[in-house]
Asks: 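What follows is a single structure, and I will ask about it in a moment.
Indexing begins at 1, ligand by ligand and atom by atom, following the structure's order. The figures that follow rest on heavy atoms only: side chains count, while hydrogens, waters and symmetry mates do not.
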Amino acid sequence: MKILVTGGAGFIGSNFVRYILKKYPGYKIVNLDKLTYAGNLENLKEVEGNTDYTFVQGDILDGKLIASLLEGTHPATCREPLTTIINFAAESHVDRSIEDPASFVKTNVLGTQVLLDAARKAWATPGHRFIQVSTDEVYGSLGPTGYFTEETPLAPNSPYSASKTGADLMVRAYFETFGFPGIITRCSNNYGPYHFPEKLIPLIITNALEGKSLPVYGDGQNVRDWLHVEDHCSAIDAVLHKGKTGEVYNIGGNNEWKNIDIVNLICDILDERLKVPGQPQGTAPTRSLIKFIKDRPGHDRRYAIDSSKIKKDLGWTPKYTFEQGLKETIDWFLENREWWQGIKSGEYLKYYEKNYMSR
Ligand code: NAD
Ligand code: DAU
């Protein structure tokens with residue numbers, strides 16, 4: 001397969017690039033990434049020298065560039081047309097979308113449409129596939145019971161989720177109107193190595209290691225369904241090889257946690273870990289750093305995914321238990337301090353100040 005991965009220098013995209021190159025030697029990957037604040041080539045150091053892998057810095061809004069990559073006229077594609085697109089590229093953080101909705105519409109809606117158009121023109125013959133990596137947030141918020149299925153009406157509540165919904169509807173429209181080979185995946189909250197430390201789990205781990213306060217929005221009772229990033233990658237792998245065009249596949253961990261319970265759990269694991277001789281000492285007990293702050297506007301109360309369709313139709317099952325995945329993730333952040341300390345400076349500090357200091 002010759003795959004164009006977009007946004008492959010971000011959290012999930014970089015895990016996916018490593019996953020595919022390891023599992024399928026011979027598959028070619030071209031990774032197109034704009035390298036926004038969230039894109040980081042450090043995430044891909046391990047595959048830099050792999051001859052099946054090429055990095056191109058660029059924007060999914062650049063139709064000419066996309067066309068040249070797909071047609072094989074760009075020097076990076078070595079005259080080999082690309083047969084598949086997996087679109088991870090996006091502005092992905094809900095809090096940033098509240099500050100600046102326009103950039104989310106540009107990249108997430110318009111960027112996806114530019115990709116769809118370039119692919120539609122380049123792919124005149126059958127045998128192609130476009131996977132839109134979407135989110136459970138397009139379904140909005142659940143009450144205390146029930147699950148999101150693929151038939152749940154779309155009801156996004158944040159500029160981020162509204163922009164992801166717009167992109168999903170474009171993929172749907174291209175399938176219905178042009179017979180375009182699009183597939184949509186909608187996954188719940190991911191966690192794991194290389195998770196950008198603006199998101200809850202890596203923010204709590206790294207703030208705790210720095211002895212900073214641990215910000216919990218509102219009453220901390222909001223529920224998320226957490227899935228290890230590698231399990232998300234294996235689900236996209238299943239869709240890539242066995243998914244049916246025109247379909248939507250929900251992906252989730254059946255692993256619901258209230259935010260405050262997850263924060264407490266991270267604190268307890270860290271306290272336990274930092275007792276190990278040789279590890280630098282943190283501020284124990286870490287739970288004393290927790291601080292409840294003003295809620296996120298439009299904060300969705302609960303997400304919970306019904307993933308029975310992808311399990312039944314494509315044979316996907318997640319491999320990680322949350323206990324194992326979270327402990328391994330915490331260990332990864334303990335062992336890779338340079339990676340997150342590098343990020344938590346410069347632009348990040350400005351964002352942090354704006355989002356947290358006035359709450
Ligand atoms: P991320 O923010 O870590 O990475 C996004 C990547 O896209 C970055 O490398 C960035 O440089 C790149 N990018 C942004 N704008 C671009 C543009 N205009 N052109 C090219 N590249 C651009 O995001 P993530 O958490 O890895 O999420 C990846 C995808 O998965 C997103 O589409 C997101 O909506 C979706 N998703 C994320 C989660 C989650 O829990 N993180 C869950 C479900 C779905
Ligand atoms: O559900 C999938 C989505 O999960 C993805 O589509 C998004 O790209 C991804 O960012 C994530 O969105 P969330 O808003 O659920 O993730 P976040 O880590 O920002 O927040 C998780 C929960 O924790 C949410 O209820 C808000 C809360 N929170 C978050 C932060 C950053 C806090 O209480 N404090 C914080 O400082």
Side-chain angles (χ1 to χ4, degrees), residues 5-16 31-41 43-44 56-62 65-66 86-97 103-104 106-108 110-112 114-115 132-139 141 148 156-158 160-161 163-164 167-168 185-192 194-204 207 213-227 229 232 236 251-252 257-260 262-263 290-296 298-305 352 355-356 359:
V5 165
T6 65
F11 164 47
I12 304 173
S14 64
N15 275 284
F16 184 78
N31 172 17
L32 174 72
D33 197 295
K34 185 178 174 185
L35 297 182
T36 66
Y37 78 91
N40 188 349
L41 291 180
N43 301 4
L44 292 157
V56 177
Q57 184 169 5
D59 196 325
I60 57 167
L61 284 152
D62 183 346
L65 170 63
I66 312 291
I86 307 179
N87 183 24
F88 293 93
E91 290 295 338
S92 70
H93 192 36
V94 173
D95 294 319
R96 290 188 192 247
S97 81
S103 61
F104 283 69
K106 274 184 208 138
T107 286
N108 300 359
L110 192 55
T112 301
V114 168
L115 274 177
Q132 174 67 5
V133 181
S134 187
T135 170
D136 60 357
E137 298 202 8
V138 298
Y139 298 121
S141 186
F148 295 135
N157 293 315
S158 72
Y160 162 70
S161 52
S163 68
K164 293 295 289 185
D168 284 15
T185 62
R186 295 188 179 135
C187 190
S188 62
N189 287 62
N190 285 209
Y191 69 96
Y194 300 100
H195 203 178
F196 194 87
E198 66 187 351
K199 309 283 168 68
L200 181 72
I201 288 184
L203 181 80
I204 296 300
N207 272 19
S213 67
L214 310 180
V216 176
Y217 297 163
D219 61 5
Q221 300 295 308
N222 303 64
V223 173
R224 296 292 182 266
D225 172 0
W226 293 93
L227 181 75
V229 64
H232 188 185
I236 297 172
I251 305 163
W257 283 82
K258 286 182 182 154
N259 292 339
I260 186 60
I262 234 170
V263 173
I290 295 172
K291 191 176 166 206
F292 288 89
I293 63 168
K294 195 168 156 224
D295 209 354
R296 170 188 279 175
H299 196 176
D300 288 333
R301 195 62 171 169
R302 175 172 167 256
Y303 303 147
I305 277 271
Y352 197 83
N355 193 49
Y356 291 98
R359 287 168 105 136

Asks: Considering distance alone, does some N or O of Leu203 sit under 3.5 Å from an N or O of ligand 2?
Replies: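 Between Leu203 and ligand 2, no N or O pair is found under 3.5 Å apart.
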
Asks: Number the atoms of ligand 1 from 1 as they appear, then name those within less than 4.0 Å of a heavy atom of Asn189, with their elements.
Replies: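 Answer, ordered by atom number: 40 (O).
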
Asks: Any idea which heavy atoms bring Val133 and Thr185 closest together, and the distance?
Replies: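 Minimum heavy-atom contact is CA-OG1, 3.6 Å.
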
Asks: Considering only protein heavy atoms, which is closest to atom 26 (O) of ligand 1, and at what distance to one decimal place?
Replies: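 Heavy-atom neighbour on the protein nearest atom 26 (O) of ligand 1: Ile12 N, 2.7 Å.
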
Asks: Tell me the protein heavy atom at minimum distance from atom 34 (O) of ligand 1, and give that distance in Å.
Replies: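 Among all protein heavy atoms, the one nearest atom 34 (O) of ligand 1 is Tyr160 OH, 2.6 Å.
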
Asks: What protein heavy atom sits nearest atom 34 (N) of ligand 2, and how far off is it?
Replies: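 Ranked first by proximity to atom 34 (N) of ligand 2 is Pro215 O, 2.9 Å.
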
Asks: Of the backbone atoms (N, CA, C, O) and the side-chain heavy atoms from C-beta on, which set of Ile60 has a member under 4.0 Å from an atom of ligand 1: side chain, backbone, both, or neither?
Replies: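 It is both parts that get close, each with some atom under 4.0 Å.
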
Asks: Kindly confirm or rule out an N or O of Cys187 lying under 3.5 angstrom from an N or O of ligand 1.
Replies: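 No, there is no polar N/O contact under 3.5 Å.
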
Asks: Work out whether the distance between some heavy atom of Phe88 and some atom of ligand 1 is less than 4.0 Å.
Replies: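 Right, Phe88 reaches ligand 1.
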
Asks: May I ask you to check whether Tyr160 has an N/O atom sitting below 3.5 Å from an N/O atom of ligand 2?
Replies: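 There is such a contact, yes.
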
Asks: Does any non-hydrogen side-chain atom of Ile60 lie less than 4.5 Å from one of Thr107?
Replies: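 Answer yes - side chains close enough.
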
Asks: If we only consider heavy atoms of Gly8, is any one of them less than 4.0 Å away from an atom in ligand 1?
Replies: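 Checking ligand 1 against Gly8, which is what was asked, there is no heavy-atom contact under 4.0 Å.
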
Asks: What protein heavy atom lies closest to atom 2 (O) of ligand 1? Include the residue and the distance to one decimal.
Replies: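 Checking every protein heavy atom, the shortest distance to atom 2 (O) of ligand 1 gives Ser92 OG, 2.7 Å.
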
Asks: Considering distance alone, does some N or O of Asp136 sit under 3.5 Å from an N or O of ligand 2?
Replies: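 Between Asp136 and ligand 2, an N or O pair is found under 3.5 Å apart.
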
Asks: Using a heavy-atom cut-off of under 4.0 Å, does the side chain or the backbone of Leu35 touch ligand 1, or both, or neither?
Replies: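 Looking at Leu35 and ligand 1, just backbone atoms fall under 4.0 Å.
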
Asks: Kindly assign one of parallel, tilted or perpendicular to the pair Phe11 and His195, based on the angle between their ring planes and the thresholds 30° and 60°.
Replies: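 The rings of Phe11 and His195 lie parallel, inter-plane angle below 30°.
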
Asks: Checking contacts here: is it the side chain or the backbone of Phe104 that comes within 4.0 Å of ligand 1, counting heavy atoms only? Could be both or neither.
Replies: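 Neither part.
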
Asks: Below 4.0 angstrom from a heavy atom of Ser188, which ligand 1 atoms are there? Numbered from 1 as shown, please.
Replies: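 Atoms satisfying the 4.0 Å criterion: 42 (C), 43 (C).
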
Asks: My understanding is that only one of Val5, Val56, Asp62 makes a side chain to side chain contact (heavy atoms under 4.5 Å, CB included) with Leu32; could you say which?
Replies: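 Exactly one pass, corresponding to Val56.
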
Asks: Has Arg224 got its NZ or CZ under 6.0 Å from the middle of the six-membered ring of Tyr191, at an angle within 45 degrees of the ring axis?
Replies: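 No, Arg224 does not sit over the ring of Tyr191.
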
Asks: Measure the distance from atom 40 (O) of ligand 1 to every protein heavy atom, then report the residue, atom name and distance (to 0.1 Å) of the closest one.
Replies: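 Sorting protein heavy atoms by distance from atom 40 (O) of ligand 1 puts Asn190 N, 2.9 Å first.
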
Asks: Could Lys258 and Asp219 be called an ion pair, given the rule that one side-chain N must be under 4.0 Å from one carboxylate O?
Replies: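 So Lys258 does not pair with Asp219 through a salt bridge.
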
Asks: Among all protein non-hydrogen atoms, which one is nearest to atom 8 (O) of ligand 2, and what is the separation to 0.1 Å?
Replies: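 Scanning the protein heavy atoms, the shortest distance from atom 8 (O) of ligand 2 goes to Ser92 O, 2.8 Å.
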
Asks: Should one rank Lys258, Arg224, Lys199 by closest heavy-atom distance to atom 15 (O) of ligand 2, which comes out on top?
Replies: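 Minimum heavy-atom distance to atom 15 (O) of ligand 2 goes to Arg224.
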
Asks: Give the residue and atom name of whichever protein heavy atom lies nearest to atom 14 (O) of ligand 2, and the separation in Å to one decimal.
Replies: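 Atom 14 (O) of ligand 2 sits closest to the protein heavy atom Arg296 NH1, 2.6 Å.
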
Asks: Among all protein heavy atoms, pick out the one at the shortest distance from atom 21 (C) of ligand 2; state its residue, atom name and that distance to 0.1 Å.
Replies: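 Ranked first by proximity to atom 21 (C) of ligand 2 is Leu200 CB, 3.8 Å.
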
Asks: Contact between Gly111 and ligand 1, counting heavy atoms under 4.0 Å?
Replies: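 Per 4.0 Å heavy-atom rule, Gly111 does not contact ligand 1.
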
Asks: Do ligand 1 and Asn87 have nitrogen or oxygen atoms that lie under 3.5 Å from each other?
Replies: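 So ligand 1 has no N or O lying under 3.5 Å from an N or O of Asn87.
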
Asks: Could you check whether any heavy atom of Thr6 sits closer than 4.0 Å to an atom of ligand 1, since that is the contact criterion I want to use?
Replies: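 Heavy atoms of Thr6 never come under 4.0 Å of ligand 1.
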
Asks: Does His299 reach ligand 2 with a nitrogen or oxygen that is under 3.5 Å from one of the ligand's nitrogen or oxygen atoms?
Replies: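 The answer is yes, given that His299 and ligand 2 share an N or O pair closer than 3.5 Å.
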
Asks: Let me know which of Ser141, Ser97, Pro156 forms a side chain to side chain contact (heavy atoms under 4.5 Å, CB included) with Ser161.
Replies: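 Checked Ser141, Ser97, Pro156 against Ser161; only one passes side chain to side chain contact (heavy atoms under 4.5 Å, CB included): Pro156.
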
Asks: Counting non-hydrogen protein atoms only, what is the nearest one to atom 11 (C) of ligand 2? Give residue, atom name and distance.
Replies: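 Checking every protein heavy atom, the shortest distance to atom 11 (C) of ligand 2 gives Asn189 ND2, 3.4 Å.
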
Asks: What class does the angle between the rings of Phe148 and Tyr303 fall in, given that below 30° is parallel, 30 to 60° is tilted and above 60° is perpendicular?
Replies: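 Answer is tilted, since the angle falls between 30° and 60°.
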
Asks: Among protein heavy atoms, which lies nearest atom 35 (C) of ligand 1, and at what distance?
Replies: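 Heavy-atom neighbour on the protein nearest atom 35 (C) of ligand 1: Val133 O, 4.0 Å.
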
Asks: Just wondering, do Ile236 and Phe88 contact through their side chains at under 4.5 Å, heavy atoms?
Replies: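 Side-chain contact under 4.5 Å: yes.
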
Asks: Between ligand 1 and Leu61, can you find any atom pair, the residue atom being a heavy atom, that is separated by under 4.0 Å?
Replies: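 No, that is not the case, since the closest heavy atom of the residue is not under 4.0 Å from the ligand.
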
Asks: Applying a 4.0 Å heavy-atom criterion (strictly less than), which segment of Asn259 is in contact with ligand 2: side chain, backbone, both, or neither?
Replies: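 Only the side chain of Asn259 comes within reach of ligand 2.
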
Asks: Measure the distance from atom 36 (O) of ligand 2 to every protein heavy atom, then report the residue, atom name and distance (to 0.1 Å) of the closest one.
Replies: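 Of every protein heavy atom, Tyr356 OH, 2.7 Å lies nearest to atom 36 (O) of ligand 2.
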
Asks: Could you please spell out the steps behind the side-chain hydrogen bond (donor to acceptor under 3.5 Å, both in side chains) verdict for Asp136 and Ser188?
Replies: CA-CA 5 Å; Asp136 60 357; Ser188 62; 4.8 Å; no

Asks: Give the atom numbers and elements of ligand 1 that come within less than 4.0 Å of a heavy atom of Gly58.
Replies: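 Under 4.0 Å from Gly58, ligand 1 has these atoms: 19 (N), 20 (C).
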
Asks: Given that the side chain starts at C-beta and the backbone is N, CA, C, O, which of these parts of Lys164 lies under 4.0 Å from ligand 1, counting heavy atoms, or is it both or neither?
Replies: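 Contact part for Lys164 vs ligand 1: side chain (C-beta onward).
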
Asks: Could you find the nearest protein heavy atom to atom 44 (C) of ligand 1 and give me its residue, atom name and distance?
Replies: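 Protein heavy atom with the smallest distance to atom 44 (C) of ligand 1: Ser134 O, 3.1 Å.
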
Asks: Looking at ligand 1, does Tyr37 have a heavy atom less than 4.0 Å from it?
Replies: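 Checking ligand 1 against Tyr37, which is what was asked, there is no heavy-atom contact under 4.0 Å.
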
Asks: What do you reckon, does Glu137 have a nitrogen or oxygen under 3.5 Å from a nitrogen or oxygen of ligand 2?
Replies: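 It does: an N or O of Glu137 is found under 3.5 Å from an N or O of ligand 2.
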
Asks: Asp59 versus ligand 1: do any nitrogen or oxygen atoms come within less than 3.5 Å of each other?
Replies: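 Yes, since at least one N or O of Asp59 sits under 3.5 Å from an N or O of ligand 1.
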
Asks: What residue and heavy atom of the protein are closest to atom 21 (N) of ligand 1, and at what distance?
Replies: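 Its nearest protein heavy-atom neighbour is Lys34 N, 3.1 Å.
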
Asks: Which residue and non-hydrogen atom of the protein lie closest to atom 3 (O) of ligand 1, and at what distance in Å?
Replies: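 Sorting protein heavy atoms by distance from atom 3 (O) of ligand 1 puts Phe11 N, 3.0 Å first.
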
Asks: Testing Asn108, Asp168, Thr112 one by one against Ser134 for a side chain to side chain donor-acceptor pair (under 3.5 Å), which residue passes?
Replies: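 When side chain to side chain donor-acceptor pair (under 3.5 Å) is applied between Ser134 and each of Asn108, Asp168, Thr112, only Asp168 qualifies.
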
Asks: What residue and heavy atom of the protein are closest to atom 29 (C) of ligand 2, and at what distance?
Replies: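 Answer, as residue, atom name and distance: Tyr217 CE1, 3.6 Å.
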
Asks: Carefully, step by step, assess Asn207 and Tyr356 under the rule side-chain hydrogen bond (donor to acceptor under 3.5 Å, both in side chains).
Replies: CA-CA 13 Å; Asn207 272 19; Tyr356 291 98; over 6 Å; no

Asks: Under 3.5 Å, N or O to N or O, is Asp33 touching ligand 1 that way?
Replies: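 N/O-N/O distance under 3.5 Å: yes.
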
Asks: Ser14: heavy atom below 4.0 Å from ligand 1, yes or no?
Replies: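 Contact check Ser14 vs ligand 1: negative.
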
